[in-house]
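First comes the structure, then the notes that go with it.
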Amino acid sequence: MPVPAVGGTWLVEVGASLAPVRSLLRDFLLILLVALPVVLFVSTSGGFVLSRRAFRPVEKIVRSAEQLTLHNLGGRLPVPQTGDELERLSLALNQMITRLDRAFQHNRRFLADASHELRTPLTVLRGELEVIAQQADGEPELQERIGSVLEEVERLAKIVEGLFALSRLDAGVAQAEWKTFDLARLAATTAEQMSLLAEDKGIAITCESAGEVPVQGDRGRLKQVIVNLLDNAIKYTPRGGSVVIRTSARDGAACLDVADTGVGIPAAALPRVFDRFFRVDKARSRAEGGAGIGLSIVKAITTAHGGSVSVESEEHRGTCFHLRLPKATPTTGKLDESSSPLPSETDAFKAR
Ligand code: ADP
């Protein structure tokens, strides 16, 4: 700094060390480098923990909702006591489930009552018609007409039996007699019992099995599943074709496949074949005595056993139904070796 003085101008220079400032800046940088990750970590994990805690009631509701099925609509979603929109939402959903449950129960009761009430008059009608047909001996035209009415009554009786079986399955009655038994053996005996039917149509049935396949369930009902699948395979396969029934244990599951070389199912119809009363070719199915209930019975029984059924098909090449059931551990119980006859008319919708 220039300072005027006597005889000229003095220049004054003043200096100070920058070391304390530099050291402060260095300390600050160090604190930033150490503290920033810590602050970031604490805030991120804190946010994560808080959001997890906030969403925990939602997760519980989602888990309960996933477990609700048509067969256990009696369950309800948990209601978090938070006093906010979440509590109101779960209360509203629970009220909706109650209304749905009531509607389904009403439907089920109606189906069970209607099919039960229809069985007796149909049996009486069948009996009366048979007597009239006998009395009309010597009148071929009348006999023929009574015969065709009898056929329709029998078809109706089969549909009613199918609906009755479905209503019992919906009500969970199918789980009455659970045993551990060999699915491979059941498949082999059923195929053998149905081989006559196949022979009549010029179709070869073969049974392939890779050893014992223990399953736990209602043997009679599972036999009905095999009968329905084999009956369809025989029905929709032209003369000279073949049907293969295969059992195996894969990835902890008991698998049963029924494959045929028949007419196949169009791709557009595949997602609907397990629907009640669905038939691809109504005229053909009706002519064969089908009403579109057999596969819905298969699905209902498989679901009641905790399994699943799927279908693969190619038109004019063939169809394959895949059944997967939970495999029982042989220690669950001694295998039940008793063999059962084909399901009776009242038990099996498709039994012949
Ligand atoms: P249906 O008594 O009419 O046979 P299902 O419920 O058993 O009724 O089968 C539904 C429909 O699925 C049948 O009408 C038929 O068109 C088709 N379908 C079932 N199984 C087969 C098969 N193995 N091959 C071809 N079509 C099949």
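First listed ligand is number 1; within each ligand, the first listed atom is number 1. The chain is numbered in sequence order, starting from 1.
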Can you tell me if CD on E315 sees more than 12 non-hydrogen neighbours from other groups inside 6.0 Å?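 For E315, atom CD is crowded (more than 12 foreign heavy atoms under 6.0 Å).
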For E59, does the CD atom have more than 12 heavy-atom neighbours from other residues, nucleotides or ligands under 6.0 Å away?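 More than 12 within 6.0 Å, yes.
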For ligand 1, which part of [X] has a heavy atom less than 4.0 Å away: the side chain, the backbone, both, or neither?
X    : result
I293 : backbone
F321 : side chain
T319 : side chain
I265 : side chain
A291 : backbone

Mind checking what makes side chain to side chain contact (heavy atoms under 4.5 Å, CB included) contact with T44, not counting sequence neighbours?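 Partners of T44 by the side chain to side chain contact (heavy atoms under 4.5 Å, CB included) criterion come out as none, since no residue qualifies.
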Does D260, backbone or side chain, put an N or O under 3.5 Å from an N or O of ligand 1?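 Yes, D260 has an N/O under 3.5 Å of an N/O on ligand 1.
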Using distance alone, decide if ligand 1 has a nitrogen or oxygen within less than 3.5 Å of any nitrogen or oxygen in Y236.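 N/O-N/O distance under 3.5 Å: yes.
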Chi angles and distances behind the side-chain hydrogen bond (donor to acceptor under 3.5 Å, both in side chains) call for R246, T206: CA-CA 8 Å; R246 224 173 278 122; T206 36; over 6 Å; no
Enumerate the atoms of ligand 1 whose separation from the nearest heavy atom of [X] is less than 4.0 angstrom.
X    : answer
K235 : 1 (P), 2 (O), 4 (O)
F278 : 10 (C), 11 (C)
G294 : 5 (P), 6 (O), 7 (O)
L295 : 5 (P), 6 (O), 7 (O), 9 (O), 10 (C), 12 (O), 19 (C)

So which atom in D182 and which in V213 form the shortest heavy-atom distance, rounded to 0.1 Å?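 D182 and V213 have their closest heavy atoms at OD1-N, 2.8 Å.
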Distance alone, cut at 3.5 Å: any donor-acceptor contact between the side chains of R76 and T98?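 Yes.
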Could you work out, with side-chain hydrogen bond (donor to acceptor under 3.5 Å, both in side chains) as the rule, every residue matching T82, not counting sequence neighbours?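 T82: side-chain hydrogen bond (donor to acceptor under 3.5 Å, both in side chains) contacts with D84.
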Select the closest option to atom 8 (O) of ligand 1 among A233, C320, G292, judged by heavy-atom distance.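 That would be G292.
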Taking the minimum heavy-atom distance to atom 16 (O) of ligand 1, which of V280, D275, T237 ranks first?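 Answer by nearest heavy atom: V280.
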Are V79 and I97 joined in one hydrophobic group, where the rule is that I, L, V, M, F, W and Y side chains link up if heavy atoms are under 4.5 Å apart?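 Different clusters: V79 never reaches I97 through Ile, Leu, Val, Met, Phe, Trp or Tyr contacts under 4.5 Å.
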Before you tell me yes or no, could you show the steps for V280 and R272 under side chain to side chain contact (heavy atoms under 4.5 Å, CB included), namely the whole-Å CA-CA distance, both residues' side-chain angles and the distance that decides it to 0.1 Å? CA-CA 9 Å; V280 177; R272 295 198 56 206; over 6 Å; no
